[in-house]
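Below: the structure, in C-alpha cells.
None of these values were measured; they are calculated from a predicted model.
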Amino acid sequence: MGALIAGSRSALVGLAGTGGLRAVLIATGAVLATRLLGPHERGLMVIGSVTAGVAALLAGLGTGSALRARLPGAQGAARRDLIAAFSWWTVVAAGAAGLLSMLVSVLTAVLIDPALAAPAFLLAAFVNAAGAVALTQLPDVWYAGGRFAAGGGWAVVVAAAGTAGVLAGVLLGGTAWAALLAQGAAMAVAGVAQSARLRASGLGALRRLPGRRVLALPRAGARALGLTLGLVLALRVDRYAVGALTDPATVAVYALAVTVAGLPGLVPIAVGQVALREIAAGAGVGYLRRAVRRAVLWSAASALPVAAAGWLLVVPVFGPAFAGARPLLLALLLAGVAFAPFEVASRALLGRGRLGTAGALGLAGCVAALVLYPLLVALCGVPGAVLAGLVVAAGLSGAAWRLACRHVAVPAGTADPANKNHKKDAKVQSV
C-alpha cells in the first residue's frame with residue numbers, strides 16, 4: 001500500500017510539473033499572438049483555435065475515456081485490439097475534426113466576422129483541428145498504460161511545437177489564419193513523432209482489424225462524450241457568446257483573462273488524471289475525498305500569485321486596450337477554484353466505469369452552458385460570461401461530487417442499484 005501511495009504521489013508531481021510546463025508554453029503562444037497580432041486578428045485566432053479544439057474532442061467520440069477505463073484490466077489479444085482500435089480511430093478523428101472545424105467556421109462567420117469563412121482561414125481551421133487531435137487524443141494512450149511521465153512529456157512536446165508554430169505564423173504571416181495554420185502543422189508533425197514512439201512502446205498499432213472492432217471503441221466512448229462535450233462547452237462556449245454579442249477585439253481581451261486564469265487549474269487536472277487510474281484500480285471514497293480536497297486547496301493557493309501577477313502586468317505588457325482583462329481575471333480565478341472538484345470527481349466516475357453517468361452529467365452541463373452564457377452576456381455584457389462560468393462550474397462540481405461519492409462507494413464490477421446506466425456501462429466495459 002505504501003508503494004502504491006508513493007507511486008501515486010510521484011505520478012501527481014510529474015503530471016503537475018509537465019502540465020505546468022505545457023500550460024506555460026500554450027500561454028506563451030497566446031501572449032505572443034495577443035501582443036503581435038492586435039485585438040481584432042487575435043480575436044479571430046481565438047475563435048478559430050477554440051473551434052479546432054472543440055472539433056478535435058468531438059471527433060474523438062470519447063474513445064480516450066473508453067480506453068482509459070478498459071485498458072488497465074485488459075490482457076493479451078483484448079489489449080492489442082483495444083490499442084489498434086484506438087490508433088485507427090485517431091487517424092479517422094484527425095480528418096473528421098478538420099472537416100467539422102471548417103463547417104463551424106463557416107456557420108459562425110455569419111454571426112461574428114466574414115473573415116472566418118475566407119478560404120485561407122478554412123484551410124487553417126482544418127489543419128489546426130487535425131493537429132489538435134494530437135494534443136488531446138494521444139496522451140490518453142500513455143495515461144491508460146500508466147505511463148504518466150511519458151504522456152505528460154509528449155503533451156509538452158506537442159504544446160511546444162504549437163507555440164513555435166504560432167510564433168512562426170505571426171512573424172511570417174501576421175494574420176490569424178497564418179498563425180492557426182502554422183500552429184496546426186507544427187502540432188501535427190509532433191503528433192506523427194509521438195505516434196511512432198507509441199508504436200515502439202507497444203501502445204500504438206495500425207494493424208489489420210475488422211471494422212466492427214474499430215467502431216466498438218467509439219460506440220463505447222460515445223457514452224462518455226457527454227462529459228467531454230459538457231466540459232468543453234463549460235470552458236469554451238463563453239468565447240462564442242462574447243464574440244457573437246460583441247466583437248473580435250473584446251474576445252481578445254476576455255481570452256487573455258481566460259488564458260491567465262487557467263494556470264491554477266493545472267493541479268486539479270493532474271489530480272484528476274491520477275485519480276482516474278487509481279479509482280479504476282480499486283481505490284475508494286476515502287481516496288476520492290483526499291484527492292478533491294487536495295485539488296481545491298492547491299488550486300486556491302496557486303490562484304493568489306497568478307491574480308497578483310496578472311493585475312500588475314496586464315497593462316504594462318499588453319497596453320491599455322487590455323486593461324479590462326484585470327477584473328475579469330480575478331472573477332475567473334474564483335470560478336476555476338469552484339471547478340476543481342469537477343476535474344477530480346468526473347474522472348473518478350470514468351475510472352469506476354460509469355461512462356453513462358458521466359456522460360449524462362456532461363450533457364446537463366452542456367445544456368446549462370448553452371442557456372446561461374448567451375443569456376447573461378446579452379444582459380450583462382462580458383461580466384455575464386464570468387458569472388455564467390461561475391454558476392456552471394459550481395453546479396457541475398456539486399453534481400459530480402455527489403455522483404462520484406455514490407458510485408465510487410460501490411466496488412468495481414458490482415451492481416449499483418442507484419445507477420440506472422449500470423447495465424449499459426457493464427456492456428461498455430465488455431465490448
Side-chain ([X]) to main-chain ([Y]) donor-acceptor, under 3.5 angstrom:
X      : Y      : result
Thr108 : Ser105 : yes
Glu41  : Ala176 : yes
Arg42  : Leu37  : no
Ser101 : Ala97  : no
Asn128 : Leu181 : no
Arg147 : Tyr143 : no

Where do [X] and [Y] come nearest, in terms of heavy atoms and distance?
X      : Y      : answer
Leu332 : Ala261 : CB-CB, 3.6 Å
Ala117 : Val106 : CB-CA, 4.3 Å
Val344 : Ala275 : CG1-CB, 4.1 Å
Val170 : Ala179 : CG2-CB, 3.9 Å
Tyr373 : Asp238 : CE2-CB, 3.4 Å
Leu313 : Pro316 : O-CD, 3.3 Å

For the [atom1] atom of [X] and the [atom2] atom of [Y], what is their distance to the nearest 0.5 Å?
X      : Y      : atom1 : atom2 : result
Glu278 : Leu288 : CD    : CG    : 12.0 Å
His407 : Ile279 : NE2   : CD1   : 13.0 Å
Leu349 : Leu276 : CG    : CG    : 9.5 Å
Thr63  : Trp89  : OG1   : CH2   : 8.0 Å
Leu57  : Thr136 : CG    : OG1   : 5.0 Å
Phe121 : Leu116 : CZ    : CG    : 5.0 Å

Does the side chain of Trp142 come under 3.5 Å of the side chain of Gln194 through a donor N or O and an acceptor N or O? yes

Check whether the side chains of Thr163 and Gln183 place a donor and an acceptor atom closer than 3.5 Å, and report yes or no. no

Compute both the distance and the angle, then confirm whether Arg326 meets the cation-pi test with Trp311: under 6.0 Å from the six-membered ring centre, within 45 degrees of the axis. yes

Are [X] and [Y] close enough that some pair of their side-chain heavy atoms sits under 4.5 Å apart?
X      : Y      : answer
Leu180 : Ser49  : yes
Leu361 : Phe342 : yes
Leu379 : Leu375 : yes
Thr250 : Val242 : yes
Trp154 : Leu138 : no

Please assess Val166 against Met45 for the test side-chain contact (heavy atoms from CB on, under 4.5 Å), listing each intermediate value before the final yes or no. CA-CA 10 Å; Val166 168; Met45 183 184 173; 3.8 Å; yes

Result of checking Val192, Val158, Val133 against Met187 for side-chain contact (heavy atoms from CB on, under 4.5 Å): Val158

Please report the C-alpha distance between Val46 and Tyr254 in whole Å, then the side-chain angles of each, then the deciding distance to 0.1 Å, and finally whether the side-chain contact (heavy atoms from CB on, under 4.5 Å) criterion is met. CA-CA 10 Å; Val46 167; Tyr254 179 77; over 6 Å; no

Which is it for Ser397 and Glu343 under the side chain to side chain donor-acceptor pair (under 3.5 Å) test, yes or no, and what are the steps along the way? CA-CA 8 Å; Ser397 287; Glu343 296 282 13; over 6 Å; no

